[in-house]
Protein chains: 4
Amino acid sequence: MASKKRKPPPRTYPAHRERQRKRILDAAEKLFVERGIDRVTMAELTAASGLQPSTMYQYFSKKDDIVWAIVGNIMARVSARSSEADASAKSGLDKIIAFLEYMAEELSNQRAQVRFMAQFDAMYSHDWPVERRLSLEAESNNMGSEVFREMIREGMADGSLRSDLDPDLTMQAIVNAAIGTQRRLASLGNKVELEYGQSIDRLFRETIRVIVLGLRATGSPQNEPSKRVKGRKVTPARRTK
Amino acid sequence: MASKKRKPPPRTYPAHRERQRKRILDAAEKLFVERGIDRVTMAELTAASGLQPSTMYQYFSKKDDIVWAIVGNIMARVSARSSEADASAKSGLDKIIAFLEYMAEELSNQRAQVRFMAQFDAMYSHDWPVERRLSLEAESNNMGSEVFREMIREGMADGSLRSDLDPDLTMQAIVNAAIGTQRRLASLGNKVELEYGQSIDRLFRETIRVIVLGLRATGSPQNEPSKRVKGRKVTPARRTK
Amino acid sequence: MASKKRKPPPRTYPAHRERQRKRILDAAEKLFVERGIDRVTMAELTAASGLQPSTMYQYFSKKDDIVWAIVGNIMARVSARSSEADASAKSGLDKIIAFLEYMAEELSNQRAQVRFMAQFDAMYSHDWPVERRLSLEAESNNMGSEVFREMIREGMADGSLRSDLDPDLTMQAIVNAAIGTQRRLASLGNKVELEYGQSIDRLFRETIRVIVLGLRATGSPQNEPSKRVKGRKVTPARRTK
Amino acid sequence: MASKKRKPPPRTYPAHRERQRKRILDAAEKLFVERGIDRVTMAELTAASGLQPSTMYQYFSKKDDIVWAIVGNIMARVSARSSEADASAKSGLDKIIAFLEYMAEELSNQRAQVRFMAQFDAMYSHDWPVERRLSLEAESNNMGSEVFREMIREGMADGSLRSDLDPDLTMQAIVNAAIGTQRRLASLGNKVELEYGQSIDRLFRETIRVIVLGLRATGSPQNEPSKRVKGRKVTPARRTK
DNA sequence: AATGAATGAGCATTCATTCAT
DNA sequence: TATGAATGAATGCTCATTCAT
């Protein structure tokens with residue numbers, strides 16, 4: 001779209017440009033997450049990047065562009081990591097469990113990032129054109145619907161999932177539920193523990209445990225999602241008779 | 001210092017005042033939901049209420065106060081309605097189902113309201129003091145944790161729920177998951193259907209179906225959550241032969 | 001303080017009206033002096049008076065009117081007190097000394113009041129019509145120019161003042177100098193002592209001492225102004241003779 | 001984090017910036033003097049400077065900062081000029097006279113400036129930290145206490161001043177009296193002449209004449225302060241027999 | 001006489017963005 | 001490529017005052 005002709009090549013320095021861009025996005029992501037997307041001003045963004053406002057505008061012509069670029073980065077990161085996740089899984093159910101556990105880890109280790117996405121959805125999804133969102137997803141999302149739907153089909157085929165599921169519908173319902181749960185916990189942050197006395201991680205893992213139980217074929221073997229909290233196994237909080 | 005006048009007759013016009021207050025809050029809720037909390041200016045708020053800015057400030061001295069008042073109203077409404085919900089339910093599981101179905105209806109009928117709460121959590125929960133939030137909940141929430149925990153205990157006792165649950169933990173996990181799912185769907189709004197080709201209602205009901213299946217005792221009778229969409233029973237979308 | 005009236009009789013009550021008026025003026029004077037005339041809002045004034053804003057406007061229809069009323073009160077008080085001052089003095093010089101010492105006492109005992117007048121002059125004298133000021137002075141000032149000019153004439157006649165004075169000019173110069181000095185000291189307040197390490201009272205008394213020396217006939221007897229500080233005589237801080 | 005760029009060349013446009021700053025301060029000083037510091041709005045300030053409000057805030061981030069900058073400028077100007085004043089004076093008394101006459105000229109020629117300082121003291125000296133004031137004075141005041149105290153010592157040594165003075169105390173008393181008198185006259189402005197029928201200049205010169213007479217050693221020669229009004233010698237208003 | 005309610009005009013300040021160099 | 005300077009359009013909020021009861 002942007003024809004890159006201006007003057008033949010006015011000897012540009014793409015490496016430096018890329019470095020600056022990254023610098024801006026890193027600073028911005030940090031600030032957005034710390035204080036909320038709308039609460040951060042361009043002036044703060046430039047200060048944090050060590051640039052001048054006017055220089056900033058040479059890289060991003062609108063604040064929104066920065067936000068979208070960050071969203072893109074996060075999505076790319078997530079999808080890159082999540083596609084590694086299910087490598088070792090065998091059954092469809094195992095794959096789903098692997099995916100959900102990946103989300104649990106993300107919630108623990110990339111809380112700020114999750115929180116950012118929560119804000120993004122809450123604040124912008126209504127205003128900004130679907131296409132932009134979709135094109136972002138298309139760009140970065142090899143794990144997306146396709147892959148996940150496949151997991152469900154696979155699970156139904158190999159008998160690890162209950163047979164009365166509608167692959168499309170269930171896939172989307174579960175993904176949405178997991179994301180919604182994850183983001184809500186990230187949004188509330190410390191408030192969760194203050195309010196409920198449970199750690200974020202425990203709550204999320206209990207949620208996926210229930211979901212997995214709900215998906216599993218009745219006679220399916222006991223491969224529950226693990227109960228690791230922040231990396232270490234925990235003794236089961238409840239007596240499985 | 002200011003004379004301790006006992007307000008001989010508290011000769012205010014409380015009815016009128018209350019009417020104005022409501023006028024403001026209604027207009028504000030509408031705008032907040034339409035355009036996002038932070039995107040609405042005080043000027044728009046006053047214009048929409050048909051008042052002057054200065055008059056507005058006689059009722060709410062800060063924008064935040066309006067936001068919190070709306071949050072309070074919504075919570076009160078929700079808790080009032082939700083406490084009617086489980087009247088007829090018998091088993092613990094039935095009660096939980098009734099509660100989750102109430103949330104499904106809320107998502108359908110009060111989408112804007114749910115979306116508002118989603119924004120509120122995403123944007124403000126970090127910044128505002130827990131106490132304020134907690135006191136609001138205390139004020140309006142008779143359904144809160146207590147009631148819900150009780151449902152789980154009851155369900156475990158009457159055999160409708162699996163016995164390996166930790167009432168506290170599960171209760172909070174489920175409530176959070178349901179709220180997170182509900183709010184995410186409300187936030188995405190039409191985008192959901194554009195993006196996934198599934199209605200919001202169907203997705204949410206599928207989610208609670210899976211959750212309930214995950215909670216249910218293995219031999220528990222087939223009382224699934226209904227598959228009504230927007231009030232009418234739907235023919236099961238899936239009979240996987 | 002808090003009027004414990006219920007409903008005495010229904011007719012008009014000039015006594016009550018006068019009491020309310022005083023209440024307002026007292027509160028206002030306090031606030032004006034504490035924080036500066038322009039820095040006090042009508043809302044604060046009404047709060048401090050224990051009245052409603054609208055009630056306030058039944059007594060004073062403009063903020064300015066309150067200010068002028070206070071100025072009037074102060075002038076009346078000052079002139080009442082100052083006319084007692086010179087009762088016992090014999091020579092013209094003695095009378096002048098008595099007058100200046102009266103100002104020293106006023107500076108010590110009514111500092112806030114003096115400060116208020118300083119503000120008034122600095123801020124309002126340019127904007128408000130001379131006539132208003134003059135009429136105020138006429139109302140309350142029996143000591144004014146006339147009296148003071150007379151003192152100088154008397155002093156020249158009885159040999160206590162140097163003979164090369166122009167009564168009109170000198171009178172006004174001295175009065176103005178004394179007032180200017182007094183008000184500046186009151187304005188600076190504690191700052192004076194912090195900055196110069198001298199008490200306000202000492203500085204003012206030294207000033208009038210020099211002035212009186214400047215007025216005195218060369219051979220005039222040693223009736224200097226006293227060196228009392230806050231009421232008690234002090235041993236002369238400097239080598240006389 | 002913010003790159004420690006050494007500002008390769010401090011490539012600002014300092015000349016232009018300084019010009020703008022001056023433009024703002026000049027306009028502000030004029031307005032403050034004309035209408036009173038608190039009566040001038042930022043909007044008026046910007047309009048008078050020919051700038052946009054937003055541009056203004058790039059130079060001064062608070063109204064207070066403008067006020068203090070003006071105070072600083074005035075003090076610097078005064079101290080620069082006043083240090084030239086006493087160049088030719090021989091005796092200590094002569095130096096004092098030179099200083100007081102300098103103040104008389106300032107009152108005539110820089111009335112607005114004096115009036116501004118009067119307002120500043122009356123309105124702000126209570127609220128603003130002494131340190132700020134002191135640091136300003138330290139910055140600009142080579143004539144300050146030190147110099148003046150020296151004059152008095154010198155005058156006592158050379159016999160031009162009466163011997164019964166306390167250098168510290170007298171110095172401060174006289175300086176304060178002169179400033180107080182000067183500022184009061186400037187504050188009242190035209191009102192002085194309307195009210196008293198004497199020109200400001202005449203009143204101030206009469207004041208310093210009396211003060212000088214009060215300081216002078218009894219046998220000291222007749223070097224009174226001159227009776228020039230606005231630069232021209234005036235015939236003595238009174239016949240010194 | 002007292003006061004709850006309303007308000008117009010204004011206020012200091014902010015901010016995303018553009019422009020000239 | 002970088003940036004100092006400029007700015008139009010808001011923004012949240014205040015205040016003296018009036019009106020109807």
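Proteins get letters first, then strands, A, B, ... in listed order; numbering begins at 1 in each.
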**Q** To the nearest Å, how far apart are Phe60(B) CZ and dG12(F) P?
**A** 16 Å

**Q** In whole angstrom, what separates Leu51(C)'s CG from dG4(E)'s P?
**A** 11 Å

**Q** Quick check: on DNA chain E, is the nucleotide nearest Met56(C) upstream (toward 5') of the one nearest Gln20(B), or the reverse? Name the residue that is more 5'.
**A** Met56(C)

**Q** Check the phosphate of dA1(E) against Arg17(C), side-chain N and O only, distance under 4.0 Å to OP1 or OP2. Yes or no?
**A** yes

**Q** Round to the nearest Å and state the distance from Arg23(D) atom CZ to dA6(F) atom C1'.
**A** 12 Å

**Q** Between Phe120(D) and Trp68(D), is the ring centre distance below 6.0 Å?
**A** yes

**Q** Arg19(A) has an atom CZ; how far is it from atom C1' of dT1(F), in whole Å?
**A** 13 Å

**Q** Salt-bridged, Asp26(B) to Lys30(B), with N to O below 4.0 Å?
**A** no

**Q** Could you tell me whether Arg132(C) and Asp65(C) make a salt bridge, using a distance below 4.0 angstrom between a side-chain N and a carboxylate O?
**A** yes

**Q** Going through the distances and angles, do Arg23(B) and Gln20(B) end up as a side chain to side chain donor-acceptor pair (under 3.5 Å)?
**A** CA-CA 5 Å; Arg23(B) 217 212 282 204; Gln20(B) 294 283 65; 3.1 Å; yes

**Q** Under a 3.5 Å cutoff on both atom distances, Watson-Crick or G-U, what's the dot-bracket for DNA chain F ([ ] crossing, | other strand)?
**A** .||||||||||||||||||||

**Q** Over how many whole Å does the gap from His16(B) atom NE2 to dA20(F) atom P extend?
**A** 14 Å

**Q** For side chain to side chain contact (heavy atoms under 4.5 Å, CB included), just list the numbers for Lys63(C) and Thr41(C), CA-CA rounded to whole Å, side-chain angles, deciding distance to a tenth of an Å, and then say yes or no.
**A** CA-CA 9 Å; Lys63(C) 198 181 164 189; Thr41(C) 71; 5.9 Å; no

**Q** I need the CZ-P distance between Arg21(A) and dA2(F), as an integer number of Å.
**A** 14 Å

**Q** Would you say the side-chain atoms of Lys62(B) pair up with the backbone N or O of Tyr57(B), donor to acceptor, closer than 3.5 Å?
**A** no

**Q** Take the protein atom CD of Glu18(A) and the nucleotide atom P of dT1(F), then report the distance between them rounded to whole Å.
**A** 13 Å

**Q** Whole Å only: how far is the CD atom of Gln52(A) from the P atom of dG4(F)?
**A** 4 Å

**Q** Strictly under 4.0 angstrom, non-hydrogen atoms only: write out the protein contact profile of nucleotides 11-16 of chain E, one letter per nucleotide from the 5' end, B, S or -.
**A** SSBBBS

**Q** So does Glu34(A) pair up with Arg39(A), basic N to acidic O under 4.0 Å?
**A** no

**Q** Check whether any side-chain N or O of Arg115(B) sits under 3.5 Å from a backbone N or O of Val33(B) as a donor-acceptor pair, and report yes or no.
**A** yes

**Q** Could you tell me whether the phosphate oxygens of dA6(E), OP1 or OP2, come under 4.0 Å of any side-chain nitrogen or oxygen in Tyr59(B)?
**A** yes

**Q** Return yes if some donor-acceptor pair links the side-chain N/O of Lys22(C) with the main-chain N/O of Arg17(C) below 3.5 Å, else return no.
**A** no

